[in-house]
S.K.: 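Handing you a structure now.
Labels below follow one simple rule: chain letters A, B, ... track the order of the sequence lines, proteins then strands, and each chain is numbered from 1. Only heavy atoms go into these numbers, but all of them, side chains included; no hydrogens, no water, no symmetry mates.
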4 protein chains.
Amino acid sequence: MRSTAVAPDAAEAAQGARTGARRRQLLTAAARLMAEHGSPNVSMQAVADEAGVSVGLIYRYFGGKQDLLQAVIVSVLESFAARVTEAIGDEPDPVRRIAAAFAGYCDVIADEREAALLAYRESKSLDPAGRHALMELEIQTAQPLVAAVTDAVDAGLIRAVNVPVFAYQLLMTAHSWALKHWYFGTRIAHADFVADHTALALSAVLRPETRDRYADLLGSLA
Amino acid sequence: MRSTAVAPDAAEAAQGARTGARRRQLLTAAARLMAEHGSPNVSMQAVADEAGVSVGLIYRYFGGKQDLLQAVIVSVLESFAARVTEAIGDEPDPVRRIAAAFAGYCDVIADEREAALLAYRESKSLDPAGRHALMELEIQTAQPLVAAVTDAVDAGLIRAVNVPVFAYQLLMTAHSWALKHWYFGTRIAHADFVADHTALALSAVLRPETRDRYADLLGSLA
Amino acid sequence: MRSTAVAPDAAEAAQGARTGARRRQLLTAAARLMAEHGSPNVSMQAVADEAGVSVGLIYRYFGGKQDLLQAVIVSVLESFAARVTEAIGDEPDPVRRIAAAFAGYCDVIADEREAALLAYRESKSLDPAGRHALMELEIQTAQPLVAAVTDAVDAGLIRAVNVPVFAYQLLMTAHSWALKHWYFGTRIAHADFVADHTALALSAVLRPETRDRYADLLGSLA
Amino acid sequence: MRSTAVAPDAAEAAQGARTGARRRQLLTAAARLMAEHGSPNVSMQAVADEAGVSVGLIYRYFGGKQDLLQAVIVSVLESFAARVTEAIGDEPDPVRRIAAAFAGYCDVIADEREAALLAYRESKSLDPAGRHALMELEIQTAQPLVAAVTDAVDAGLIRAVNVPVFAYQLLMTAHSWALKHWYFGTRIAHADFVADHTALALSAVLRPETRDRYADLLGSLA
DNA sequence: CATGAATGAGTGTTCATTCAT
DNA sequence: GATGAATGAACACTCATTCAT
């Protein structure tokens, strides 16, 4: 180290920032390519080229290709979780919070359809530890929705459904826009897709006495 | 050779049978390995070993690895379609036919969980023609369900839902048992999973005046 | 053997004839393909297909691919030798016999240009014995020419040239039509090529006192 | 690194030099093996072993086996052209320049007999573009000879022969030392081969009035 | 920190050859 | 004689990974 004029901790912080930037740069490049072509069809050289760096550099920031793949998926899921949390905001009504969370999931996935498929496609080639980390992350991402459903049940607004089953149903529905985009893409607008599924899901669980209160969410099923 | 008087077409049939048997043998081996490890992680040598034949032989029956992969997926989907059709039987009531078809899908997928994931994971690496063939097949497989929903709407038994959206919702739900088995597997029995989702789906669309007739399908949501 | 009514030796002769026919059939097919694509690019399967038989059958008539290749080259060279001998006829004048032999070589090679290149291209992949056999054959094929030159020298019609050098010069010239066809093919008609080279060669060696006698062969160099 | 002040272009030049050295190293190894065994009988692994590097490295410098083969042939022909040009020197007399060029060709080919055969044997397996490049190169290589013959005709020193036919005759004669070395090698010394053919060729075309001037080139045919 | 040349194990694929029928 | 299914060694080529600079 030639320059000793910088305080160690400041240097570390600066380095940490630079390190974080590099990681993000590499993750973005890798995510773009892997989402488009599938991780096995993306060479480390291609990632390096996309990021505008040399191959060797990737190994300073990631342990290897598998590690990079896992980091990519984690970063994708984390960004999903963040966007969903933001989408819900501070809606106090549990039922409307369910609808908001569902819409949030749907929008995020519609925005990053290819990225959303990554986890489905590639988790098989992750090691058990990586797979477990992913599951934890996904459960966390689902948490806002699970909490909203629990609240709605506790508040007597909806029937006493099996909470995880119902919540994951909504999650899978959001995912299905990506998974079956070849089917839905040409048959229904995304906004209608979200509205229809919101109506279907709520129609299934709303107590008769609360249906009127959410008529706007039930649409034609009101 | 039992007899030299055998008619040529019988001989051809015998050869055809042998050829068909080999194909099936190879497809089975490939399906097992690819379902377990993912096609990119399965070498042709591994498939040959699993099938107990030499590598070269695979190329007599399939054009290459991609062709083999596609044949595996097609054969899986075809067997799914056949089993679903059989599961429905000749139920005359459209609503009960929906329930039967859904249960059929769920059971098939529960039986062959790993195989069901193949199409999701690997279709990215198929050529456009292959992908298109797969989509056609999946649409065909969904047909019984779509028809049942259409009949139920026409008969005025359920509300006027968007048929493909509702039908694919059920399909995705069936698939979700495989896609999220790490989650559901330890939290709910498959039979309960099917019953809960049947109840949820029907509860969402049954007209108030017909709910009583299908109370057995609605379970706790009746 | 069902039919025992045929005398053994007649049967053998018939069999020999059939065997010969098969060999020729296979050689023709192999020669066509190997001349066009080069022996390494021709599979045994391709030869079998071209000949309309099964792969296995080739191994009843030839020891393997190398043996087949050698047989092909030998058969080509033999047919060349036969055609050259025929072309010379019974010309009594040694000088005109040189010209006739040279023209014969040239014509044969022009007729079967691709076949003529086989020996040049493929002899490297023959075993020493095969290579030696080929050399013997080529020397035999050159014999009429060597004899004619020797006679012309002995008769005092041409200068005392180094016979093999001069004869092989003519042979190589004939071959050069095939070897450099990409060059000559678009620049000179084959008849002119032959005439020009006949004139050049004879002009080099004819004694002054005999030039007039062969003015027709010397053309513009007369 | 002698100095860190080295200008960028110097660094680039150093790298270019290293790259060039590697290419040459690989070309030399490939040329040696392919000339000896024929390109189809030389595996990339064998080339790598011969060059003392790993297989993968070859693909950094050449596009593949075909590209390597073509590069080998091109490099051989280029070195031939260079040596021939050098051999001719600045001989002013057109006839003597013909003799010098011919001798140059002969010597180069005698020196690198095996390499000279490469183009003949392997050009069939080149793609059309590669073949075309080779033809261009060969025409360039022949240029000094063609020019010399043209000059000799224009100067009235030799008869009005068909220039390309006569020039290529000489070229083919030079090549024939390599093509038919199994024949000539044991029958005539290379120096005599060159002298005899020089005499033959000039004897064919020299005008009577100039023969005396070149008696030294005509040898026994004077 | 950053580069990219170098490695070598591993891949999909071909094909000469054999042999049961 | 004739077939063609089956073999398995060999090939060209790729790419994750390392390390000298």
S.K.: Send over the distance from C:Asp67 CG to E:dT18 C1', rounded to a whole Å.
M.R.: 17 Å

S.K.: Tell me the closest heavy-atom pair linking A:Tyr61 and A:Arg23, and the distance in Å.
M.R.: O-NH1, 3.3 Å

S.K.: Would you classify B:Gly56 as touching base, sugar-phosphate or nothing, given that sugar-phosphate means primed atoms plus P, OP1 and OP2, and contacts are heavy atoms under 4.0 Å?
M.R.: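 The answer is base, as B:Gly56 lies within the cut-off (heavy atoms under 4.0 Å) of a base atom.
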
S.K.: Rounded to the nearest Å, what distance is computed from the CD1 atom of residue A:Ile58 to the P atom of nucleotide E:dC1?
M.R.: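 Checked: the CD1 to P distance equals 15 Å.
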
S.K.: Considering non-hydrogen atoms only, spot the tightest contact between A:Ala71 and A:Phe62 and give its length.
M.R.: CB-CE2, 3.6 Å

S.K.: What is the distance, to the nearest angstrom, from the CG atom on A:Leu69 to the P atom on F:dA16?
M.R.: 12 Å

S.K.: On a heavy-atom basis, which atom in A:Gln70 and which in A:Leu126 lie closest, and how many Å separate them?
M.R.: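 That closest heavy-atom pairing would be OE1-CG, 4.1 Å.
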
S.K.: Using purine N1 to pyrimidine N3 plus N6-O4 or O6-N4 for Watson-Crick, or N1-O2 and O6-N3 for G-U wobble, both under 3.5 Å, which nucleotide pairs with F:dC15?
M.R.: E:dG8

S.K.: Roughly how many Å is it from CG in B:Leu26 to P in E:dG12, rounded to a whole number?
M.R.: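 Taking atom P of E:dG12 as the reference, CG of B:Leu26 is at 15 Å.
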
S.K.: Strictly below 4.0 Å: does A:Ser54 bring a side-chain N or O up to OP1 or OP2 of E:dT3?
M.R.: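 For E:dT3, OP1 or OP2 has a side-chain N or O of A:Ser54 closer than 4.0 Å.
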
S.K.: 5'-most contact on DNA chain F: D:Ser39 or A:Gly64, nearest heavy atom basis?
M.R.: D:Ser39

S.K.: So, does B:Arg22 get its side chain near the phosphate of F:dA6, meaning an N or O under 4.0 Å from OP1 or OP2?
M.R.: yes

S.K.: Rounded to the nearest angstrom, tell me the gap between atom CD in B:Gln66 and atom P in E:dT11.
M.R.: 18 Å

S.K.: Classify C:Arg60 by what it touches in the nucleic acid, base, sugar-phosphate, or nothing, heavy-atom distance under 4.0 Å.
M.R.: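 Base contact.
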
S.K.: Which comes earlier along DNA chain E counting from the 5' end, the contact point of B:Gly63 or that of D:Tyr61, where each point is its nearest nucleotide?
M.R.: D:Tyr61

S.K.: Identify the heavy atoms of D:Ala46 and D:Leu33 that sit nearest to each other, and give their distance.
M.R.: O-CD1, 3.4 Å

S.K.: Say you draw a straight line from CD1 of A:Ile73 to CD of A:Glu78; how long is it, rounded to the nearest 0.5 Å?
M.R.: 12.0 Å

S.K.: Going by purine N1 to pyrimidine N3 plus the second Watson-Crick contact, or the G-U wobble pair, all under 3.5 Å, which nucleotide sits opposite F:dT21?
M.R.: E:dA2

S.K.: Let me know the distance between CG of C:Leu68 and P of E:dT17, rounded to the nearest Å.
M.R.: 10 Å

S.K.: Distance check needed: E:dC15 P versus C:Lys65 NZ, whole Å only.
M.R.: 8 Å

S.K.: With a 4.0 Å heavy-atom cut-off, tell me which residues in residues 40-53 of chain B come close to DNA chain E, sorted by residue number.
M.R.: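 The stretch gives B:Val42, B:Ser43, B:Met44 as the residues lying under 4.0 Å from the strand, ordered by number.
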
S.K.: Report the distance from atom CG of C:Leu57 to atom P of E:dA20, rounded to the nearest whole Å.
M.R.: 18 Å

S.K.: Can you give me the closest heavy-atom contact between D:Asn41 and C:Ser125, atom names plus distance?
M.R.: ND2-CB, 3.9 Å

S.K.: Please say which of D:Glu114, D:Glu36, D:Glu122 ends up in a salt bridge (Lys or Arg N to Asp or Glu O under 4.0 Å) with C:Lys124.
M.R.: D:Glu114

